[in-house]
Amino acid sequence: MAYWLMKSEPDAFSIDDLKRDGQTHWDGIRNYQARNYMREMQVGDAVLFYHSNCRPPGIVGTMKVIKTVYPDHTAFDPKDPHFDPKSNANQPRWEMVDLAYVSTFPKMLSLAQLRLEPALSTMFILRKGNRLSITPVTKEEWQVIFRLLESVG
DNA sequence: GCCAACGTTGGC
DNA sequence: GCCAACGTTGGC
């Protein structure tokens, strides 16, 4: 089983939206590296939910993969904000996975808090200039995050 | 709102 | 295949 982190702007889709819906398809990814990471995902993989472009940004909960990649149909829809004319049903360029809600942290772990933890300095989201919305997380990082959660809880 | 960092596009 | 221009992301 692998571990991941996925970003979403809470104005667009938040952990509360996911909790309400129970599950979602993670559509709208238009970055090859992020898509390639999704291709590696297996059912049962654990995922950190990160709120980006908000104050404060940080990890707010967890989810799990319940369906592996399949074509992202929103790329075919000219009215969709993520429409891509170079993607079509015969040759889909973009894909998505399905995710289910697992948990909401009692208190979010803010980016500032994460930066204070030396053991997390290897995380993609803490590296300068990283904008990738889907990144792998190591088992060690995952465990540190949950220890951190208990210590601040 | 600013702006650094980054990915993509397209002319050559 | 290079690289300047452009658009986007996302923390601050």
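What you see below is based on every heavy atom in this structure, not just the backbone, and it leaves out hydrogens, waters and symmetry mates. A, B, ... follow the sequence lines: proteins, then strands. Residue 1 opens every chain.
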What I'd like to find out is whether the side chain of A:N53 reaches to under 4.5 Å of the side chain of A:K7, using heavy atoms alone.
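The answer is no; the side chains never approach within 4.5 Å.
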
Does the side chain of A:V69 come within less than 4.5 Å of A:M96's, by heavy atoms?
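With C-beta onward as the side chain, the pair stays apart.
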
Strictly under 4.0 angstrom, non-hydrogen atoms only: write out the protein contact profile of nucleotides 4-9 of chain C, one letter per nucleotide from the 5' end, B, S or -.
---BBB

Remember a base hit wins even if backbone is also touched, and classify A:R127 as base, sugar-phosphate or nothing at under 4.0 Å, heavy atoms.
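Since no nucleic acid heavy atom lies under 4.0 Å of A:R127, the category is nothing.
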
In this structure, how many angstroms lie between the [atom2] atom of [N] and the [atom1] atom of [X], rounded?
X      : N      : atom1 : atom2 : answer
A:I134 : C:dG10 : CD1   : P     : 11 Å
A:D11  : C:dG11 : CG    : P     : 13 Å
A:Y50  : C:dG10 : OH    : P     : 8 Å
A:M108 : C:dG11 : CE    : P     : 10 Å
A:H51  : C:dG11 : NE2   : C1'   : 16 Å
A:M123 : C:dG10 : CE    : C1'   : 16 Å
A:M6   : C:dG10 : CE    : C1'   : 17 Å

We want to know whether A:S14 and A:D16 form a side-chain donor-acceptor pair, criterion being a heavy-atom distance below 3.5 angstrom.
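Their side chains do not contain a donor-acceptor pair, so the 3.5 Å distance test is not met.
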
A:T74-A:R30 side chain donor-acceptor pair, cut-off 3.5 Å:
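Looking only at side-chain atoms, A:R30 and A:T74 do form a donor-acceptor pair, the distance falling under 3.5 Å.
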
Could you tell me whether A:Y37 and A:Y32 have their ring centroids closer than 6.0 angstrom?
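No - the distance between ring centres of A:Y37 and A:Y32 does not fall below the 6.0 Å cut-off.
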
Hey, do the aromatic rings of A:W94 and A:F76 have their centres closer than 6.0 Å?
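No: the rings miss the under 6.0 Å criterion.
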
Between A:K86 and A:K128, which residue's closest nucleotide on DNA chain B lies nearer the 5′ terminus?
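Nearer the 5' end of the strand: A:K128.
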
